[in-house]
**Student:** 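Please find one structure pasted underneath; my questions will follow.
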Amino acid sequence: MDQRDPGLKGRLARNIILWMLVAFFLSLSYCLHIDICFFHRITGWNCPGCGATHMLLALLRGELRRAFWYNPVLLILLPALCVVIGDIYIRFLKTGFVVPRPWERGPLIMVGVLLIAFGVVRNLSVYPLY
């Protein structure tokens with residue numbers, strides 16, 4: 001069995017198809033008002049990413065205040081996340097490897113800690129929800 005590397009074109013084609021499927025299912029769940037968050041379905045709590053789809057759609061419409069209302073922490077972290085994840089993603093397309101560089105690990109860990117802390121705070125009764 002031949003295990004050849006599909007190369008840049010193969011990885012790019014697979015990723016385009018994957019992102020198109022993700023966009024399709026997210027838009028379908030938004031239009032049909034289906035809750036796709038497994039964490040929310042199982043626990044009834046809001047995860048740190050709850051509201052991210054609504055936030056991105058509000059950003060696409062230019063409604064910054066509404067986007068901030070849906071998920072403030074993710075909105076603030078979005079530029080940094082785009083830079084770090086974009087760099088990792090481009091490196092994956094070129095090389096086929098996803099190992100973060102040492103300078104990327106710190107920010108990714110910090111983002112993870114902030115999102116977990118936000119997930120805890122947003123489920124307290126003092127956090128204003130919808």
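The first residue of the sequence shown is numbered 1, and numbering continues consecutively from there.
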**Student:** What's the separation between atom CZ in F68 and atom CG in L74, rounded to the nearest 0.5 Å?
**Tutor:** 11.5 Å

**Student:** Indicate the atoms forming the closest heavy-atom contact of L78 with L59, along with that distance.
**Tutor:** CD2-CD1, 3.8 Å

**Student:** To the nearest 0.5 Å, how far apart are CZ in F118 and CG in L77?
**Tutor:** 10.0 Å

**Student:** Do you know which two heavy atoms are closest between P48 and G119, and how far apart they sit?
**Tutor:** CG-CA, 3.8 Å

**Student:** Please name all residues satisfying side chain to side chain donor-acceptor pair (under 3.5 Å) with R91, sequence neighbours left out, ordered by chain then number.
**Tutor:** D87, E104

**Student:** Cluster question for you: counting only ILVMFWY and a side-chain heavy-atom cut-off of under 4.5 Å, with indirect links fine, are V84 and F92 together?
**Tutor:** yes

**Student:** For residues N71 and R122, report the shortest heavy-atom separation together with the two atoms involved.
**Tutor:** ND2-NH1, 4.0 Å

**Student:** According to a 4.5 Å side-chain heavy-atom criterion applied to Ile, Leu, Val, Met, Phe, Trp and Tyr, with indirect links allowed, do I109 and L114 form part of one hydrophobic cluster?
**Tutor:** no

**Student:** Is V121 reachable from V113 through a run of I, L, V, M, F, W or Y residues, each pair having side-chain heavy atoms under 4.5 Å apart?
**Tutor:** no

**Student:** Are V111 and V83 connected, step by step, through hydrophobic side chains (Ile, Leu, Val, Met, Phe, Trp, Tyr) whose heavy atoms are closer than 4.5 Å?
**Tutor:** no

**Student:** Near R66 CZ, under 6.0 Å, is it more than 12 heavy atoms from other residues, nucleotides or ligands?
**Tutor:** no

**Student:** What distance do H54 atom NE2 and W69 atom CH2 have between them, rounded to the nearest 0.5 Å?
**Tutor:** 9.0 Å

**Student:** How many angstroms lie between CD1 in I116 and SG in C47, if you round to the nearest 0.5 Å?
**Tutor:** 11.5 Å

**Student:** Rounded to the nearest 0.5 Å, what's the gap from CG on L56 to CG on L75? Could you check?
**Tutor:** 9.0 Å

**Student:** Closest heavy-atom contact between G51 and Y70?
**Tutor:** O-CB, 3.6 Å

**Student:** In the single-linkage hydrophobic clustering (I, L, V, M, F, W, Y; side-chain heavy atoms under 4.5 Å), do L93 and I88 co-cluster?
**Tutor:** yes

